[in-house]
2 protein chains.
Amino acid sequence: MASIKDVAAEAGVSVATVSRVLNDHPSVSADARTRVLAAVEALGYRPNAVARSLRTDQTRTLGLVISDVLNPYFTELARSVEEEARALGYSVIIGNADERPELQDHHVRTLLDRRIDGLLVSPTDGGSPLMLDAVRAGTPMVFVDRWIPGVDVPVVRADGRAAVRDLVAHLHGLGHRRLAIIAGPAATTTGSERVEAFRDAMAECGLPLPDAYIGQGDFQADSGRRVTEGFLELAEPPEVVFAADNLMALGALDAVRARGLRIPDDIALAAFDDIRWFVHTDPPITAIAQPTGELGRAAVRALVDRIEGRPPQSVTLPARLVVRRSCGESAPQEPSPATNRRQP
Amino acid sequence: MASIKDVAAEAGVSVATVSRVLNDHPSVSADARTRVLAAVEALGYRPNAVARSLRTDQTRTLGLVISDVLNPYFTELARSVEEEARALGYSVIIGNADERPELQDHHVRTLLDRRIDGLLVSPTDGGSPLMLDAVRAGTPMVFVDRWIPGVDVPVVRADGRAAVRDLVAHLHGLGHRRLAIIAGPAATTTGSERVEAFRDAMAECGLPLPDAYIGQGDFQADSGRRVTEGFLELAEPPEVVFAADNLMALGALDAVRARGLRIPDDIALAAFDDIRWFVHTDPPITAIAQPTGELGRAAVRALVDRIEGRPPQSVTLPARLVVRRSCGESAPQEPSPATNRRQP
DNA sequence: CCTCCTCGTGGAATCGATTACACGGAGGAT
DNA sequence: ATCCTCCGTGTAATCGATTCCACGAGGAGG
């Protein structure tokens, strides 16, 4: 592969001049510029990003460590992150932690070794020493979706409290009294926050929330299934199951189906995170929708601000309730197919 | 951030010795080794992968350019690719082409600039000059899922012909005669192959396939919707719609639903690519399942073989028909919930 | 005509690693 | 005692860029 030296030789100038042309530095004669450009063209030369990074100490690359690529929520997040990053001239390297702290650490380490310019993380746990060290060492970082309390890092996330309150009120209005939740890992902020919001909302409605109605999941489908089976075996099973993410809702669906029960007649179901398939499940699932794309874009903007020396800003956007039929009657018709990919 | 020089100074040895310890080169005294290791620990030193790559001319990184991250099929593929690559000591950088050739080229270029050791591609189109150049220049490359005919690059893919034949036979057995297909872009191999397989299978069953029953989609949900609307407006609409990928099936579902029609009573639906949600849609969707994880793993193995100087092998695995209820009666019960994440 | 700037250019240092080569000392063979 | 091997180690070249600094030419101003 041709290097800058080859280009210099071909154009009959020094490597310094070639470099100047490539980085359009002002003081290059028109003559030299055209000769260099011709040589670049002739040799099919492309600058070596590795060498450039070594010298300039910047990679124009962002790392994104997400908890689970198979979760459509994170996939969408990843997509919007890459899109915005590209618009700002950065590449993104995605690491999939698969909800496993040690895998998360592996990716953080690898990304740091590659000297990425900044890190976007949706932490799987309460904070690995590695990540804390990285923050202390000054690595530009932004948390997205989930965060680690007590760490001075901007957070870009959705606030679901109001939407959870709306959901509980909606369920209450439908006559449901025994509501259960499949919680996410307490070590994640989204895991604990959603339970808390649910608990508060229940209290507001004057509904009891026995411990047996709080199932411990791990944001994966299997746990949703397991917890739901547990609920169904209770002497007094809940009337509604609220899954704290879409995958656990999928698991719950599996469990209900395996029992031969019907939704919403035998048991109702709602989920945190709205995904396109919820429109087409049997029945369509009531969910809390996050402004996922906007979160990803805002996170990138915050991180790039931090990298380029501007003060980064934390962002909190509201989530909203989307009522469908999985919790009982009185659901409005979906206004239009929710298939539009790029939403404003 | 500490460099190898700092470690050398701290340990009282030369950088060469530090490097030797780090790459466990044999000729280093036990004493020097412990002193270096202690220094590494004390300084929290991590080798700079950028510098190392520049010197050794290898990044231990693979590029993966897929057509659409939002497509669960590709997400799963990406996941298995990353998993296998990690097991072999490589990282993966994913580029999302979003079914747009120019975006695909952007990613290929960026990955090449970063001097990735090899490229895994599922081409969006019939072959950009850029990619052809890269192959000619000797970049290790492997096509996965889709490929470019006439290019000497190993291909790892699933063969759906038998499964499509099974599907058509199944539909025929159910009494359906008017079958339509939502095809993918003809520029992609999967796009044209699936139509061809369908056409052949129809011929085998002695069924006609009028042009009006071949709708042109682009593997995105919107096109599935649009094409399905077209089908429904025909004087004689098809009895079955077969979508060549899962997203177009989603779009078809939208269209059917918007019309207030019922599946399978008013119209039947089948899809290429099986995804977890198809179990829970209304009704569960008959689909052709690919051994996605195995494809990803085989592709990585082939690419790494090529990179490390072993002869790479093309791999073709069979896809299989999974019958559910979206095409009519006589569907067997799903044996067990299809929620298990890691399938053998 | 001399001095001073400005401009375009090239030489060379530098980033942080790896590695070929040289070198000194220890130990074995003669 | 001399020579030859190894072994452990350090010096320095190298990868491909960027960029500081110096230098020569040419124009402006005195």
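Residue numbers start from 1 in every chain, and the chains themselves are labelled A, B, ... in the order their sequence lines are given, proteins ahead of strands.
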* Asked: To the nearest 10 degrees, how far apart in direction are the end axes of the helix from C:dC1-D:dG30 to C:dT30-D:dA1, each fit to five base pairs?
  -> 60°

* To do: Please check if atom CD in B:Q313 has more than 12 non-hydrogen atoms from other residues, nucleotides or ligands closer than 6.0 Å.
  => no

* What residues, two or more places apart in sequence or in another chain, satisfy salt bridge (Lys or Arg N to Asp or Glu O under 4.0 Å) together with B:E294? -> B:R297, B:R301

* **Between D:dA17 (C1') and B:D113 (CG): distance, integer Å** => 13 Å

* Under 4.0 Å from any heavy atom of chain A: name the first and the last nucleotide of DNA chain C that qualifies, 5' to 3'. => C:dG8 to C:dG16

* To do: Could you tell me which residues satisfy salt bridge (Lys or Arg N to Asp or Glu O under 4.0 Å) with B:R114, sequence neighbours excluded, listed by chain and number?
  => none

* Inter- and intrachain pairs under salt bridge (Lys or Arg N to Asp or Glu O under 4.0 Å), touching residues 52-65 of chain B, at least two apart -> none

* Structure fact -> In short, salt bridge (Lys or Arg N to Asp or Glu O under 4.0 Å) pairs touching residues 30-51 of chain B with sequence neighbours left out are A:D113-B:R46, B:D31-B:R35

* Sequence-distant partners of B:S53, side-chain contact (heavy atoms from CB on, under 4.5 Å), two or more places apart -> A:V50, B:T59

* Residues forming a salt bridge (Lys or Arg N to Asp or Glu O under 4.0 Å) with B:D305, sequence neighbours excluded -> B:R310

* To do: Tell me, please, which residues at least two apart from B:P140 pass side-chain contact (heavy atoms from CB on, under 4.5 Å).
  => B:L303, B:R306, B:I307

* Nucleic acid contacts of residues 35-58 of chain A, taken as heavy-atom distances under 4.0 Å to DNA chain C -> A:L54, A:R55

* How close or far is atom P of D:dA17 from atom CZ of B:R114, stated in whole angstroms? -> 15 Å

* To do: Could you pull out all residues at least two apart from B:Y45 that satisfy side chain to side chain donor-acceptor pair (under 3.5 Å)?
  => none

* Judged by atom type as modelled, is there a donor-acceptor pair below 3.5 Å linking the side chain of A:T292 to the main-chain atoms of A:L77? -> no

* Asked: Are any non-hydrogen side-chain atoms of A:F74 and A:I94 less than 4.5 angstrom apart?
  -> no

* **Nearest-Å distance for atom pair CG/C1', residues A:D6 and D:dA17** => 13 Å

* If we ignore angles and hydrogens, is there a donor and acceptor under 3.5 Å between the side chains of B:Q104 and B:D125? -> yes

* How would nucleotides 6-11 of chain D be written as a contact map, 5' to 3', with B for base contact, S for sugar-phosphate-only contact and - for no contact, using protein heavy atoms under 4.0 Å? -> --SBBB

* Charged N to carboxylate O below 4.0 Å: is that the case for A:E99 and A:R146? -> yes

